[in-house]
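In what follows, every heavy atom counts, from backbone to side chain, and hydrogens, waters and symmetry copies are set aside.
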Amino acid sequence: MTRNTAAFWGEIWQLALQALRANKMRAILTMLGVIIGSASIVLVVTVALAGKRYVLAQIEGVGANLVYANVVNSSDSESLTLADQITPADLAAVKEGLPELVAGAAGTNTIPMTVSARGQERLVNLVGVTEDFERIRNLAVLRGSYFDEDEIATGSKVCLITEVLARRMFPAANPVGMDIQVGELHFTVIGVFRERVAALGQTEITRESAIIPFSLLQYYTGTQYFKTLYATAASAEDVPLVTREVAEILADRHRSGAQYRVQNLSGILQTARNIALGLTVVLIVIALIALVISGIGIMNIMLVTVTERTREIGIRKAIGASQDAIRYQFLMEALAISGTGALAGIGIAVLIPALLNFLLGFFPDAADVSVPVSWISVVLAFVVSCSTGLVFGYLPANRAARLAPAESLHHE
């Protein structure tokens with residue numbers, strides 16, 4: 001019984017392939033819609049995964065557990081006062097009040113200044129920072145070193161400059177150890193740094209910035225407050241709680257009319273996920289529409305094929321072929337068209353990310369970037385494409401199976 005069944009299906013499959021080989025161009029043109037649809041499904045999921053991975057990398061680079069706070073205007077009727085500003089005492093209160101929830105906290109203030117060195121002048125952001133700023137903001141020190149505890153505490157006249165500023169002010173020299181002048185002060189450059197990733201707009205670091213100990217900025221400018229206070233939650237689960245606690249600490253330490261914006265990156269992440277999900281759904285719907293259109297094309301071509309091969313069907317029935325044998329033959333032809341088209345589309349869709357990953361290897365800045373391929377989407381595209389061929393191929397196959405032998409033999 002098993003051998004007879006295998007022979008039956010082998011014969012059906014052979015007849016289906018012979019029929020397709022007899023009309024190669026027609027079969028190839030019919031496959032185009034399936035190729036486009038299956039490739040679209042894989043590429044849509046690839047784009048969604050790449051987008052999600054990019055956003056997560058950005059947030060992890062900035063600090064996935066980052067909470068940041070700044071003061072906002074109280075209301076239309078009340079103006080901001082100096083007492084409303086976030087102070088070093090507020091920073092100390094956050095550290096002392098949330099020892100188990102907060103892994104680190106830092107404050108910053110920024111003023112625009114003109115920096116000169118070797119006869120060159122540049123307008124830069126001069127950023128005063130406290131001790132934990134490097135760790136919280138995940139800075140990459142490319143040359144030299146970051147501030148040590150003594151330099152932060154004593155307000156030493158040292159600074160770190162961004163990579164872009166270093167290239168423009170010291171194009172042919174190592175900037176570490178060089179002297180730069182900011183206003184009337186002279187600083188020794190002890191390091192060159194950059195942010196590991198763009199900070200999604202939540203940053204005081206520009207392309208041309210210099211960071212100095214906040215105590216020095218405080219002494220030099222008389223600034224007694226931070227523009228931004230940063231805190232890092234000990235774990236991702238603590239981020240919402242730390243956000244609320246920091247807001248409460250600031251509210252308790254200042255007048256009731258003062259308002260503080262305390263945020264984290266969870267909202268940005270959720271927004272990015274929602275956008276990616278919506279875009280994925282829309283593109284998958286478009287891909288499915290393409291598959292439906294290709295299925296209609298398969299059905300139309302198969303109906304034409306049934307009409308053209310009516311006499312052949314009559315002969316097969318006259319020599320003993322059953323309705324099931326005829327039906328399965330035409331279903332196999334539809335499956336062969338959709339399956340081959342799916343494999344071709346999937347091959348194209350997998351080749352594109354592979355090519356992109358190969359090309360990205362030539363760019364040092366993109367060495368860690370990769371375009372992922374979801375193998376679930378590959379399986380899904382193949383299954384959906386083959387199912388489309390079977391569903392839309394059933395009507396022509398059923399029509400062929402139900403043709404009367406006598407009438408079929410007289411068909412011209």
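Closest approach of Gln85 and Phe226 over heavy atoms only: OE1-O, 4.3 Å. Nearest approach of Gly339 to Cys386, heavy atoms of both residues: CA-SG, 3.7 Å. When all heavy atoms of Glu163 and Val192 are compared, the closest pair comes out as CA-CG1, 3.7 Å. Closest of all the heavy-atom pairs between Ile211 and Leu139 is CD1-CD1, 4.2 Å. In terms of heavy atoms, Ser385 sits closest to Ala342 at CB-CB, 3.5 Å. Scanning all heavy atoms of the two residues, the minimum distance from Val34 to Gly341 falls at CG1-C, 3.8 Å.
Note that the CD1 atom of Ile161 and the CZ atom of Arg143 stand 9.5 Å from one another [nearest 0.5 Å]. From Leu380, atom CG reaches atom OG of Ser387 across 9.5 Å, with rounding to the nearest 0.5 Å. Distance check, rounded to the nearest 0.5 Å: CG of Leu288 to CD1 of Ile293 gives 11.0 Å. Residue Thr243 holds its OG1 atom at 10.5 Å from CG of Leu101, rounded to the nearest 0.5 Å. Atoms CG and CD1, on Leu32 and Ile28 in that order, are 8.5 Å from each other to the nearest 0.5 Å. In this structure, the separation between CG on Leu160 and CZ on Phe133 is 10.5 Å, given to the nearest 0.5 Å.
By the 4.5 Å heavy-atom criterion applied to side chains, Ile212 and Leu126 are counted as neighbours. The side-chain heavy atoms of Ile86 and Leu250, taken from C-beta on, include a pair separated by under 4.5 Å. Considering only heavy atoms from C-beta on, Tyr230 stays 4.5 Å or farther from Asp132 through its side chain. Side-chain contact check for Phe187 versus Val158: every heavy-atom pair is 4.5 Å or farther apart. Side-chain contact between Phe392 and Asn300: absent, with no pair of heavy atoms (C-beta onward) separated by less than 4.5 Å. With contacts defined as side-chain heavy-atom distances shorter than 4.5 Å, the pair Phe214/Pro88 qualifies. Within the 4.5 Å cutoff, the side chain of Thr340 has heavy atoms near those of the Met31 side chain. Between Asp238 and Asn65 there is no side-chain heavy-atom pair separated by less than 4.5 Å.
Judged by distance alone, the side chain of Thr162 and the main-chain N or O of Arg207 form a donor-acceptor pair under 3.5 Å. With hydrogens and angles ignored, the 3.5 Å screen pairs a side-chain donor or acceptor of Thr130 with a backbone N or O of Gly107. Between the Thr221 side chain and the Thr223 main chain, a donor and an acceptor come within less than 3.5 Å of each other. A donor-acceptor pair is defined here as one N or O able to donate and one able to accept, closer than 3.5 Å; such a pair exists between the side chain of Asp90 and the backbone of Thr87. Thr310 places a side-chain N or O within donor-acceptor distance of the main-chain N or O of Val306, the cut-off being under 3.5 Å. Using a distance-only test at 3.5 Å, with no hydrogens or angles considered, a donor-acceptor pair links the side chain of Asp148 to the main chain of Glu151. Under a 3.5 Å cut-off, the side chain of Ser38 and the backbone N or O of Ile35 do form a donor-acceptor pair. Panel note: side chain Thr307, backbone Leu303; a donor-acceptor pair is recorded below 3.5 Å. Side chain of Asn357 to main chain of Pro353: a donor-acceptor pair is present (N/O by atom type, distance under 3.5 Å, no hydrogens or angles).
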- Item | Asn70 vs Val72, side-chain contact (heavy atoms from CB on, under 4.5 Å): CA-CA, chis, key distance, verdict | CA-CA 7 Å; Asn70 46 49; Val72 296; 4.3 Å; yes
- Could you go step by step and tell me if Thr206 and Ser209 meet the side chain to side chain donor-acceptor pair (under 3.5 Å) rule? CA-CA 6 Å; Thr206 60; Ser209 293; 2.8 Å; yes
- Task: Would you sort out whether Ile205 and Val127 count as a side-chain contact (heavy atoms from CB on, under 4.5 Å), showing the intermediate values?
- Result: CA-CA 8 Å; Ile205 304 297; Val127 185; 4.3 Å; yes
- Task: List the steps, then state whether side-chain contact (heavy atoms from CB on, under 4.5 Å) holds for Val378 with Val350.
- Result: CA-CA 9 Å; Val378 169; Val350 171; 4.2 Å; yes
- Item | Full working for side-chain contact (heavy atoms from CB on, under 4.5 Å) between Ile180 and Cys159 | CA-CA 9 Å; Ile180 64 172; Cys159 70; 3.6 Å; yes
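Phe193 and Tyr146 have their aromatic ring centers separated by at least 6.0 angstrom.
Of the listed residues (Glu208, Met169, Gln181), just one forms a side chain to side chain contact (heavy atoms under 4.5 Å, CB included) with Val115, and that residue is Met169. Paired with Ser338 under the rule side chain to side chain contact (heavy atoms under 4.5 Å, CB included), one option of Ile298, Leu291, Val384, Thr30 passes, and it is Ile298.
For Glu248 and Arg244, the salt-bridge test fails: no basic side-chain N is under 4.0 Å from an acidic carboxylate O.
A donor-acceptor contact closer than 3.5 angstrom links the side chains of His186 and Asp179. Judged by distance alone, the side chains of Thr110 and Asn125 never bring a donor and an acceptor atom under 3.5 Å apart.
Annotation: Arg399, atom CZ; neighbour count of heavy atoms from other residues, nucleotides and ligands within 6.0 Å does not exceed 12. Other residues, nucleotides and ligands contribute at most 12 non-hydrogen atoms within 6.0 Å of the CD1 atom of Ile376. Atom NZ of Lys157 has 12 or fewer heavy atoms from other residues, nucleotides or ligands within 6.0 Å.
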